[in-house]
There are 2 protein chains.
Amino acid sequence: MPRPKTHDEALRLRLLDRAGELLSREGATALSLRKLAADAGTSTTAVYSLFGGKPALVRELYVEAFRRLGGRLRAVAPTDDPAEDLIRLGLAYRESALADPHLYGVMFGGAVPGFEPDEAATAQSRAALAPLLEVIATGTRAGVFTDHDGTMAMGCWGIVHGLVSLELCGNLPPEIDVPTTYERALRANTAGWTRVR
Amino acid sequence: MPRPKTHDEALRLRLLDRAGELLSREGATALSLRKLAADAGTSTTAVYSLFGGKPALVRELYVEAFRRLGGRLRAVAPTDDPAEDLIRLGLAYRESALADPHLYGVMFGGAVPGFEPDEAATAQSRAALAPLLEVIATGTRAGVFTDHDGTMAMGCWGIVHGLVSLELCGNLPPEIDVPTTYERALRANTAGWTRVR
DNA sequence: CTACCGCTATAACAGTGTTATCGTGGTATC
DNA sequence: GATACCACGATAACACTGTTATAGCGGTAG
């Protein structure tokens with residue numbers, strides 16, 4: 001009779017853990033199946049039985065990365081000042097990206113050549129931004145924001161992602177003070193969405 | 001006696017041309033030296049004599065990409081309304097990125113694994129943003145912008161790059177109207193930098 | 001005409017993701 | 001408890017990548 005699935009969760013978790021560590025430490029190009037398998041004490045075939053290939057394994061890292069980002073954003077407790085909450089969300093976003101730049105590259109940079117997120121994965125990525133949508137919704141209800149059908153959320157996500165991405169790629173001039181400039185840019189963008197100043 | 005350098009500019013240009021076309025058509029992963037050499041009617045060794053390797057060849061595409069982006073931005077003729085000029089610069093930026101998404105990935109996404117831009121290349125990338133700096137400078141002199149040591153330029157670059165990057169990665173929800181939302185986000189950001197509304 | 005050496009084609013090397021083959025080991029059934 | 005079954009993983013091969021050593025062609029200087 002057909003033997004049921006083994007559900008080797010231990011090896012699966014160890015592979016994911018090692019893959020994440022290898023990615024964070026040596027970058028996306030150093031994340032090879034042979035090195036990963038040797039690190040986890042198994043063979044490359046295990047990745048194919050447990051995940052289905054390298055892109056599928058990276059997909060797990062992808063959703064885990066957004067789960068972690070969502071956790072960091074949810075940790076920003078809302079106050080009764082939505083504009084300030086928005087700034088703190090932006091700062092938390094940057095801290096999350098800087099905590100693991102290579103993982104951020106997997107999320108947005110397309111660091112692993114064969115991997116393209118499917119619709120379910122990108123939907124989960126948007127779900128990580130729930131705290132942002134919530135702050136904007138309350139601020140709009142309170143009359144301090146002038147949102148327009150979720151346009152403000154896209155703008156805010158765009159500026160934080162853009163600045164973080166430029167910083168990680170090394171495109172910003174080296175003489176500027178990134179943290180203060182980053183916060184000033186966030187405040188200006190937020191001011192553009194507030195009703196009266 | 002040592003033979004002088006041949007300066008085979010024809011083969012060099014043909015390789016660059018083919019590489020750009022191959023990249024634009026089939027993406028960064030399809031850009032292999034063997035395919036490129038076969039396409040240009042030569043061998044992979046030519047890439048090493050003329051450029052020094054694949055990263056060095058991609059570096060040429062990188063600076064050419066920013067040269068092209070700078071040209072598109074310079075084509076936006078300034079008027080006497082700096083705020084509106086800023087919006088038009090942002091629209092031109094997006095059009096330039098959408099005209100060749102794979103090339104945009106080489107510029108910012110780190111699409112080619114072995115390639116990291118050196119200091120000279122990133123300096124040339126910042127030089128492409130001269131029109132942006134110019135519009136901000138005139139607007140600040142005219143008293144309509146409240147720049148603060150180049151912070152505004154960084155914010156503007158961040159939001160356009162961030163939104164374009166999110167769009168190209170497929171992270172934006174599919175039901176939104178990207179062009180109008182993009183322009184609204186740009187206008188809000190610009191409003192945050194204008195002195196009085 | 002000849003010696004010289006820059007440039008490129010051929011082929012090999014080390015590495016990658018992927019897949020075919022095969023043996024092992026645990027489970028369900030008798 | 002014995003046995004048939006097959007999911008799982010280890011080994012090895014395949015196709016492909018960037019890179020490099022070697023060898024030969026070809027044009028230039030003498």
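From a predicted model like this one, the values you see are computed outputs, not experimental measurements. Protein chains get the first letters and strands the later ones, always in sequence-line order, with residue 1 at the start of each.
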Tell me: CG of A:Leu11 to C1' of D:dC8, nearest whole Å? 10 Å
Taking atom CD as the centre, does A:Glu134 end up with more than 12 heavy-atom neighbours from other residues, nucleotides or ligands that are less than 6.0 angstrom away? no
Mind running salt bridge (charged side-chain N to carboxylate O under 4.0 Å, His left out) on B:Arg88 and B:Asp85 for me, showing each step along the way? CA-CA 5 Å; B:Arg88 289 164 60 224; B:Asp85 289 346; 3.0 Å; yes
Once salt bridge (Lys or Arg N to Asp or Glu O under 4.0 Å) is applied, what residue pairs with a partner in residues 104-127 of chain B remain, sequence neighbours excluded? B:Arg59-B:Asp118, B:Glu119-B:Arg126
Using 30° and 60° as the class limits, which term best fits the ring planes of B:Trp157 and B:Phe108: parallel, tilted or perpendicular? perpendicular
What nucleic acid atoms does B:Leu36 come within less than 4.0 Å of, heavy atoms only: base, sugar-phosphate, or nothing? nothing
If only side-chain N and O atoms of A:Thr42 are considered, is one of them under 4.0 Å from the OP1 or OP2 phosphate oxygen of D:dA10? yes
Heavy-atom count check: over 12 atoms from other residues, nucleotides or ligands less than 6.0 Å from A:Asp177 CG? yes
Letter by letter from the 5' end, nucleotides 12-24 of chain D scores (B base, S sugar-phosphate only, - none; protein heavy atoms under 4.0 Å) -B---BBBB----
Scan residues 12-22 of chain A against DNA chain D and write down, sorted by residue number, each residue with any heavy atom closer than 4.0 Å; if none is found, say none. none
Hey, quick one: are B:Leu23 and B:Leu98 part of the same hydrophobic cluster, counting side-chain heavy atoms closer than 4.5 Å, chains of contacts allowed? yes
Is A:Asp149 atom CG crowded by more than 12 heavy atoms from other residues, nucleotides or ligands, each under 6.0 Å away? no
Note: B:Ala185 and B:Ile159 closest approach over all heavy atoms is O-CD1, 3.9 Å
